[in-house]
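Beneath this line is the structure, given in structure tokens, with notes to follow.
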Amino acid sequence: MDLPPPEHTLAFVGTHVRLPTIGELTISSEQGLVLVDSRSGAIAAIVDLASEDEATQAARAHLALLVPAQVTKIRRAQFLMPGFVDGHAHAPQYAFHGTGLDLPLLDWLERYTFPTESKFKDVNYARRIYASAVARHLRYGTTTCAYFGTIHREATEELVRQVRTAGQRAHVGKVSMDRNSPPNYIEPSAEVAAAESALFVSNVLASRAKEEPHGVGVGGKRPALVTPAVIPRFAPSCTPPLMKALGELSRRGDGSGQKLPVHTHLSENASECAWVAEMHPEASCYADVYKRSGLLHERTYFAHCCHCNRTERTLLHEHGAGVVHCAASNFLVGGALCNVRRWLEEGVPVALGTDVSGGWSASMLDAIRQSVITSNLVSRMPDEEQPTRKWKPLSWQETLWLATQGGANVLGLGDVTGGLEPGRQFDALLVDVAPLCGGSFCVFDEDDVLTSLEKFLFTGDDRHIISVYVAGRRVAGASHAAYREHGDAAEAGKEADAVIKNAKTIRERAADENPRPLKMPKAK
Ligand code: GUN
Ligand code: FE
């Protein structure tokens, strides 16, 4: 066990939840200990102080060297869990989230989406919406988010700045569109569109050292927070020369030998699929359009994928691409269900996405709920492709894994984030199932931690997420300040810290005065 020097250690003592593989969930005792290296943001060790093995003795000795400010005590009714990974969200669409959900995809784009996104030409407007969008995703517990911007490079660079200021981990991409788009929301040519995307990528890479809150590479291995992504909106919006240039851009990579992620939409809606087939008679399927442009590879992930037939699914598998399941928007603008278990069985990694604003909610808790509903429906409906097949629904534990480690894997960040495991970044949520403000559900004395977690996932909200950590830093959490609608996320975070500190004292006082403590049932 390689522990950081005491002065660079943060400790979290109490119950924590881990999801080492899909469907597997373990809960520590109330004496769990997570040690974090504050220089790298990484988890240095995880032990159970109730045990007496050598590693635990070393960790206990280390803990004794820390001052109180370095130690977060996780109280009864609280637990640590991995932060959420949102595999698909449109930051500009946060401007109209929760509205305009009455139309199918192509009409929805024309009526609501393109007019709103065209406004992001104005960087000041972009800054205002993006600050709120990022703050919202973050306080909903999304520690890593894959964001679409708009076609505007400068506004999308502003989105990157907001993400960095807020301290969130993200993939961010400038959207490319040079056909089938309104006159005020289209790029003038494939050449200009490709050059702007290339400039966006190099600007994001070049500004890392200056703009990332603690710098990159501190402590030897702090990974970058923001990774630039290549984003052809979807095949109908991009001419073949533009898609080809974007394929080349992604393959040129970030200078470290790694390709740049490609993030786009695939086979979401029946009319969209028919349109692509008509536009691209040369392609064997929709995904083949991307493949022919060099856009299909192991760092590519596609939102939706509801209508993929076997040929298309095989193509994704052969190229190591991933799927982002966006259950809410599939119900609304998409109009089809995605069979997640089939993708998993066929070896294609799956993430969950909110798809704000085709999906109305920026909360991954909602994405989890809608995914469970979809999966139950899929299991009870006839399967046209395999009429005799009965699909087993996803359990909530499997779905939670998809919302955390599964998402990190799809984004190519599986070694960096997604789980509470030594070596991963400490991207975590401190959940309180009995928060001071009352919260949105009840836990009873007989509810154990597993039940409390399940109740939180299905009936909880951000009032229960009292701290959000990214790379070991507390970047958000429930408080009066965190409910502020607008404004600077970092400032809100500072205020939130003060309120939480105070709240703990109130809680302690209440416990002193009340002989019956808040009861967190025993771990299983
Ligand atoms: N396909 C192309 N653009 C979009 C978008 O903004 N949202 C969704 N859900 N699908 C799309
Ligand atoms: Fe989308």
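Numbers here are sequence positions counted from 1. Every number for a ligand or one of its atoms is a count from 1 in the order of the listing.
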Name the closest protein heavy atom to atom 10 (N) of ligand 1, giving the residue it belongs to and the distance to 0.1 Å.
Glu268 OE1, 2.7 Å

Which atoms of ligand 1 have any heavy atom of Leu105 under 4.0 Å away?
1 (N), 8 (C), 10 (N), 11 (C)

In terms of heavy-atom contacts, does CD of Glu421 have more than 12 from other residues, nucleotides or ligands at under 6.0 Å?
yes

Report yes if the distance between the aromatic ring centroids of His152 and Tyr125 is under 6.0 Å, otherwise no.
no

Could you check atom 4 (C) of ligand 1 against the protein and tell me its nearest heavy-atom contact, residue, atom and distance included?
His265 CE1, 3.3 Å

Rounding to 0.5 Å, atoms CZ (Arg208) and CZ (Arg164) come to a distance of 7.0 Å

Under-4.0 Å heavy-atom contact with ligand 1, by part of His304 that carries it
side chain

Measuring from the heavy atoms of Glu272, does anything fall under 4.0 Å of ligand 1?
no

Report yes if Thr113 has an N/O atom closer than 3.5 Å to an N/O atom of ligand 1; otherwise report no.
no

Look at the rings of His171 and Tyr301 and say which category their plane angle falls in: under 30° parallel, 30 to 60° tilted, over 60° perpendicular.
tilted

Heavy-atom donor-acceptor pair, Glu312 side chain to Tyr286 backbone, under 3.5 Å:
yes

Angle subtended at the Fe ion (ligand 2) by NE2 of His265 and OD1 of Asp355, nearest 10°
170°

To the nearest 0.1 Å, how far is atom 6 (O) of ligand 1 from its closest protein heavy atom, and which atom is that?
Arg233 NH2, 2.7 Å

Centroid separation under 6.0 Å, is that true for the rings of Tyr147 and Tyr130?
no

The atoms of ligand 1 lying under 4.0 Å from a heavy atom of Asp355, numbered in the order shown, are 8 (C), 9 (N)

Asn309, CG: over 12 other non-hydrogen atoms inside 6.0 angstrom:
yes

Identify, by atom number and element, the atoms of ligand 1 in contact range of Gln93, meaning under 4.0 Å from any of its heavy atoms.
5 (C), 6 (O)

Ignoring hydrogens and angles, state whether a donor on the side chain of His137 or Tyr94 is under 3.5 Å from an acceptor on the partner side chain.
no

When you draw lines from the Fe ion (ligand 2) to NE2 of His88 and to NE2 of His90, what angle lies between them, to the nearest 10°?
100°

If you measure from each non-hydrogen atom of Trp108 to ligand 1, which part falls under 4.0 Å: side chain, backbone, both or neither?
side chain

